[in-house]
Every structure is written in C-alpha cells, then in structure tokens.
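The block underneath contains the structure these notes are about, expressed in structure tokens.
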Amino acid sequence: MLELAGIIILGILAQWVAWKLKIPAILPLILIGLLVGPVAAEFLSENGSKWIEPIWNGEKGLFPGEGLFYFVSLAISIILFEGGLTLKKSEINNVGPVITKLITLGSVVTFFLAGIFAHYIFDLSWELSLLFSSLIIVTGPTVISPILRNIPLKKDVAAVLKWEGILIDPIGALVAVLVFEFISVGGEDGFTQTALIEFFKIILFGSSLGFVFAKALIFFINRKFVPHYLLNVVSLSMVLLVFVLSDLLAHESGLLAVVVMGMVIANSKLKSFDELLYFKESLTVLLISILFILLAANMDMAQLELIYNWKTVLLFALVVFVVRPLGVFLSTHKSTLQLNEKIFISWVGPRGIVAAGIASLFGTKLMKQGVEGANYITPLVFMVVLGTVLLNATTARMLSKMIGVFLKKSEAIVFVGASRSARLIAKFLIDNNRRVILLDSNKDYVNDAKEMGIEAFNIDIYNDNLDSNVELSDVGYLIAMTGSDVINKYALERFSDVFGEMGAYRLATSREVTSKNPENSDTLFTANDDFINLTETIRDFPKINELKVSSSEDFKEKVQVINENDSAIPLFLKSNAQIKILAEVNEQDIKENDVIVYVGQEVS
C-alpha cells in the first residue's frame with residue numbers, strides 16, 4: 001500500500017515541479033523512478049532492495065508476472081486516445097504534406113540510419129539494432145507540448161511538431177512490433193509469412209475498429225443513450241474495449257485503433273466533447289506520472305552500467321545531430337517552411353512515453369527468451385528519452401530566439417465572446433491578415449463562427465486551462481466582449497499575463513457608460529459603448545466601414561464625428577496594412593492616408 005501511494009504522491013509532486021520550472025514532466029518522473037529503483041537498491045537500501053519494486057520478485061512487488069506490462073499497454077492506449085482527441089484537420093491546412101512526410105519518410109530515415117549506428121557502435125545484431133531504431137522513431141506529445149507551451153511560435157511550426165508527436169507514436173509502435181515479431185519468429189521465412197501478415201492485420205483492424213467504435217460512441221452520446229454522469233466512464237470503457245478487442249484480432253493493433261478513434265471524435269460534432277477531453281487530460285496526467293516512475297524503477301543498475309561509456313554519447317550525438325535533422329530536411333524539402341523553421345523542428349525531437357513503455361515491454365520479453373544483447377534495449381531507449389527531453393527542455397527557447405523562430409511580437413488576437421458583434425469584427429480582422437480566435441461557452445455562437453471560417457473554441461474560461469493550450473501560443477492580444485461585465489473583468493484578471501502581452505481590453509461596463517467615468521484604461525474601442533450599445537448598432541447596421549484621415553487633427557475630428565453618431569462606433573486604426581485598437585493608438589503616430597475602421601451607420 002505504501003509503495004502504491006508513494007508512486008501517486010511522488011508522481012503528482014513531479015508534475016508540480018515540472019509546471020513550476022516549465023519543463024516536461026517526464027524529466028523529474030524518470031529521475032524519481034531511477035532514484036527509488038536502481039539507485040536505491042545500489043546505494044540507499046540496507047538489504048539491496050528497491051524502495052519501489054514494480055514486478056513481484058518472490059518477496060515484494062506491485063505486479064505479478066506480466067501484470068506490469070498489461071497495465072503499461074492499457075495506460076498507453078488511454079494516453080494515445082487523449083492525444084488523438086487534440087488532432088483537428090483545420091490545423092494542418094498549410095502543413096499537411098510536411099506532417100505526412102515526417103511520419104513516413106522521416107520514420108524511414110530514423111529506422112535505417114539509427115539502426116546502422118546502433119549496430120556498428122554497440123555491436124548489436126541487426127534485429128536488435130533495428131528494434132532500437134524503431135522505438136526512437138516516436139516523438140511524444142507528452143513531452144513536446146510542455147516545450148511548445150513556453151515558446152511562442154508560428155502556428156504552422158507548432159502544428160507540425162504537435163501532429164508529428166501524436167501521429168508518429170502508433171507508427172513507431174507498429175514498426176517496433178514488426179521487428180519484434182521477426183526476432184521472435186526467427187528467420188526470414190517466418191518474417192515473410194508472419195510479420196507481413198501481422199502488419200496488414202494491424203492496419204486493417206486498427207483503423208476499422210477505431211473508426212466504427214468512434215462513430216458508435218458519438219451516436220450514443222448525441223442521442224443521449226448515455227446519461228451525463230456516465231459520459232466519461234462509458235467513453236473510457238469504450239476506449240479500453242477497442243484497444244483490447246483490436247489487440248485480440250491483430251496483436252499490437254490497439255495503439256492504432258485508439259488514435260484513429262480519438263481523431264474521428266475530435267473532427268466530429270460530439271456533444272460534451274470538451275468535457276470528455278478535460279476528463280481524459282486529467283486521467284492522462286495521472287497515468288503518465290505512474291508509468292514513468294514504474295518503468296524507470298523497473299530497471300537495474302547493471303542495465304545502466306551497460307551504457308555508461310563513450311559509445312552511448314556517440315550514439316546519442318548521431319541521433320540528435322544527424323538522424324533527426326536529415327529526416328526533417330528531407331521531409332520538408334520544397335515546403336513552405338523557412339530554413340530557420342526547419343532547423344528548429346530538427347532540434348525539437350524529444351522521445352516520450354510510448355518509446356519508454358514499449359522498450360520496457362519488448363526488452364524484458366526478449367531477455368526472458370534469452371536473446372543476446374536484449375539487455376541493451378531498455379537502457380538505450382531510456383537514454384535517448386531522458387537525453388532528448390533534457391536537451392530540448394533547456395535549449396529550445398534559447399535556440400528559437402537565436403535562429404529567429406521565436407515570435408518577438410505575438411500578433412494573434414483572442415476574443416472572449418463569440419456573439420454576432422465579435423464575429424463581425426473578427427471576420428474583418430481575418431480578412432486583413434490577422435489571426436483571430438473566438439472563445440465562448442455558447443456552442444451555437446461557436447458553430448456560427450466556424451461556419452464563417454473563424455477559429456472558435458467552445459470553452460468555459462472559469463474551468464478550462466487555456467494557458468496550457470499550444471494552439472494559442474502566438475496570441476498577444478486579449479479582447480473580452482461578452483455580455484457580462486463580470487466575465488469580461490475576470491477574463492482580463494486571469495489571462496492578461498498569458499494572452500495580453502501586446503494589450504488586453506474589455507468592453508466598457510454599463511455603469512461606466514452611464515456615469516461617463518471609466519474605471520481604468522483597459523476599456524475597448526471607446527468608453528461610451530457597452531455590449532448593449534454595440535449589439536444594437538450592429539443589429540441595425542451590420543457593416544464595417546472605413547474612413548480615410550489626413551493627419552492627427554483630422555483623425556481626432558473624424559473620431560469625434562463617429563462618436564457623436566449614436567449608430568456608429570469606432571474600432572481600429574488601419575495603417576500600412578497594420579491594424580491597431582483605438583485604445584492603443586498614439587495620435588502622433590498617425591500618418592496621411594491612414595484609415596479609421598468603425599462599425600454601424602456610415603458617416604460622412
């Protein structure tokens with residue numbers, strides 16, 4: 001009982017430390033696992049036993065027999081499903097071909113090149129060398145996401161890294177399964193007759209079952225066959241059912257099935273989708289915390305000593321400085337990505353939970369079969385996981401600034417509120433080449449925005465953890481314009497530091513408009529117009545107008561004319577294709593031919 005409780009407590013503590021230091025949680029989790037496992041057994045325990053023993057050894061241990069690996073498999077299935085839930089087709093309109101090449105051509109480069117290096121550096125058999133290389137094909141969403149959250153990047157770069165990290169997990173797992181089957185079967189005839197058949201069975205059953213069960217779950221939830229209080233647990237049980245059933249029909253196809261299931265749900269109109277995603281995120285945090293500590297603790301000091309030499313450093317350097325960059329540059333050839341963006345993507349390739357989990361699973365199985373050199377697999381993969389996470393977590397931000405992919409000015413705008421007024425203004429900004437995101441708890445408003453081609457998320461700002469959303473990393477302006485003065489003020493109080501780097505504004509409150517006395521300088525557009533005035537103006541005159549000015553004096557006069565018209569509200573200053581909110585405009589910066597953008601009745 002003490003060991004089980006200790007894992008959970010230490011895991012959550014590691015998650016908190018990672019959040020505080022802004023590093024991937026995998027780093028402190030693995031270090032804790034090594035401390036309570038092999039390090040404790042070698043240096044801290046009087047009787048030479050581990051503080052936490054994952055597998056029953058006859059005297060102590062949490063899991064008997066194959067129990068640990070069954071738990072690892074089920075946990076990874078839930079983690080990959082949650083990753084699939086974050087994959088939206090709209091995110092990859094510009095970089096879809098790059099992602100496709102990264103998870104195909106990039107995987108091939110890693111598989112063969114890393115395998116060759118492992119074979120000649122460590123004198124491993126070709127089978128084991130290729131098993132190692134297949135395991136490090138994957139980059140993990142659980143380690144990439146924390147890195148991206150702390151670095152404001154262009155949307156395309158963040159999307160490439162995010163999608164690659166999730167989609168490549170099952171691909172790396174499939175390749176590892178093929179190699180494992182080849183080693184287990186032994187011989188080329190066995191590979192031809194068994195492994196290839198298994199590969200096609202994996203693709204067939206994994207994709208078809210994932211798709212069918214996703215559609216079934218969507219149908220049951222949307223038709224309200226599942227009560228609200230059972231929504232999350234029914235979804236969880238469905239994920240486990242799909243994983244187990246797919247694995248029974250085609251060994252190791254469950255990973256593909258749960259990713260496909262998550263993707264189908266993410267790109268459909270599922271009611272309560274956000275609630276489901278939030279539940280899975282919380283569950284994933286707990287599972288990752290437990291898994292990494294268990295897997296690291298399961299290693300022995302003898303395994304770590306195997307790789308305590310210069311060969312390990314050489315292999316790691318080749319993986320980071322040769323294999324990853326070559327795969328990225330071949331995959332991004334003739335793409336719209338710039339050279340500095342390609343360099344950054346080449347550098348950010350941390351490995352995660354799938355690599356560590358499957359390495360432990362296959363490594364231990366092959367050691368039990370007596371395969372020579374199998375004891376290298378787990379520690380080598382853990383070395384790559386720990387090394388790449390540590391390297392990327394400590395250098396990615398610095399490198400992004402050095403090579404110019406770090407967004408010095410976050411120009412994207414997030415609107416809290418997706419009412420008709422917000423949609424009309426957002427559409428104008430999008431048409432003028434600004435990225436705009438609308439957030440609202442009203443699903444109808446969000447759907448109306450999406451139909452207009454506006455990025456919109458059904459989000460409750462009181463409950464959802466927006467500051468960890470990678471998709472909002474380039475947001476620099478926060479505009480709160482809901483119909484609630486309380487919500488508008490709360491949005492600025494909570495998210496100004498995260499999304500309001502360039503400016504955070506809200507509509508004037510009804511009390512401020514009545515008293516003609518704004519409480520502070522964060523009021524949006526003008527202090528004379530609240531949500532009701534804006535809504536009435538747009539109801540009667542749903543049009544964005546532009547009025548050219550010749551000087552700062554002319555600007556002041558025309559703004560005054562607009563303000564005196566009860567059916568017109570000034571919004572922005574448009575200058576050399578740049579758009580500034582009027583609240584931040586300095587009159588001395590106004591130039592000839594600048595344009596006042598206003599909504600409502602046209603004025604002369």
Side-chain angles (χ1 to χ4, degrees), residues 152 409-430 432 434-441 445 449 454-457 459 461-462 466-467 472 474-535 537-538 544 555 559 562-563 568-575 578-587 589-590 594-600:
K409 293 181 66 177
S410 300
E411 294 286 352
I413 304 171
V414 65
F415 281 73
V416 178
S419 64
R420 185 185 183 191
S421 304
R423 297 195 298 271
L424 182 67
I425 296 169
K427 184 62 176 173
F428 170 82
L429 291 168
I430 292 170
N432 282 271
R434 291 293 287 272
R435 184 185 176 214
V436 179
I437 305 99
L438 302 186
L439 311 176
D440 205 304
S441 58
Y445 284 175
I454 304 170
E455 281 187 80
F457 297 96
I459 281 175
I461 66 167
Y462 286 102
L466 291 176
D467 51 2
L472 304 178
D474 63 337
V475 170
Y477 290 91
L478 173 64
I479 298 178
M481 50 184 303
T482 72
S484 168
D485 296 339
V486 174
I487 292 177
N488 291 340
K489 287 186 176 181
Y490 174 80
L492 262 62
E493 290 172 1
R494 182 175 177 186
F495 298 114
S496 288
D497 293 340
V498 181
F499 302 127
E501 175 189 348
M502 306 299 293
Y505 307 97
R506 61 172 175 81
L507 285 175
T509 66
S510 54
R511 184 168 59 185
E512 287 173 329
V513 171
T514 302
S515 65
K516 305 296 183 182
N517 183 28
E519 295 176 9
N520 50 44
S521 60
D522 61 10
T523 51
L524 177 66
F525 310 139
T526 76
N528 301 321
D529 299 289
D530 59 5
F531 181 82
I532 295 175
N533 292 343
L534 182 62
T535 301
T537 298
I538 288 180
I544 300 289
F555 168 79
V559 167
I562 296 170
N563 274 327
I569 300 174
L571 304 175
F572 309 108
L573 175 70
K574 188 175 176 183
S575 177
Q578 296 293 316
I579 296 175
K580 290 185 176 182
I581 296 166
L582 286 183
E584 65 179 1
V585 170
N586 294 316
E587 293 178 5
D589 296 332
I590 296 171
D594 283 352
V595 172
I596 300 172
V597 178
Y598 64 100
V599 66

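Note that the coordinates shown come from a computational prediction; the quantities given were computed from them, not determined experimentally.
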Looking at every heavy atom in both [X] and [Y], which two are closest together, and how far apart are they?
| X | Y | answer |
| --- | --- | --- |
| F531 | S419 | CE1-OG, 3.8 Å |
| A508 | D530 | O-CB, 3.2 Å |
| P570 | I562 | CD-CG2, 3.5 Å |
| A418 | Y445 | O-CB, 3.4 Å |

Step-by-step side-chain contact (heavy atoms from CB on, under 4.5 Å) determination, V597 to I544: CA-CA 7 Å; V597 178; I544 300 289; 3.5 Å; yes
Can you list the residues that meet the side-chain contact (heavy atoms from CB on, under 4.5 Å) rule with [X], with sequence neighbours excluded?
| X | answer |
| --- | --- |
| A449 | R423, L438, I454, A456 |
| A491 | V416, I461, A480 |
| S496 | L478, L492, A504 |
| D594 | V549, L573, S575, I590, K591 |

Measuring from atom [atom1] of [X] to atom [atom2] of [Y], what distance do you get when rounded to the nearest 0.5 angstrom?
| X | Y | atom1 | atom2 | value |
| --- | --- | --- | --- | --- |
| I437 | Y477 | CD1 | OH | 13.5 Å |
| L439 | E455 | CG | CD | 10.0 Å |
| T509 | K489 | OG1 | NZ | 5.5 Å |
| I479 | R506 | CD1 | CZ | 13.5 Å |
| T535 | R420 | OG1 | CZ | 9.5 Å |

Heavy-atom side-chain proximity of [X] to [Y] below 4.5 angstrom:
| X | Y | value |
| --- | --- | --- |
| I459 | D440 | no |
| F428 | F572 | yes |
| I425 | M481 | yes |
| I569 | N563 | no |

side-chain contact (heavy atoms from CB on, under 4.5 Å) between V559 and I596, worked out: CA-CA 8 Å; V559 167; I596 300 172; 3.7 Å; yes
Parallel, tilted or perpendicular: ring planes of Y490 versus F495, cut at 30 and 60 degrees: perpendicular
Donor-acceptor contact below 3.5 Å, side chain N488 vs main chain T482: yes
Counterpart residues, salt bridge (Lys or Arg N to Asp or Glu O under 4.0 Å), relative to R434 (two or more places apart): E411
With S421 via side-chain hydrogen bond (donor to acceptor under 3.5 Å, both in side chains) - residues at least two apart: none
Verdict with supporting geometry, I413 and V475, side-chain contact (heavy atoms from CB on, under 4.5 Å): CA-CA 6 Å; I413 304 171; V475 170; over 6 Å; no
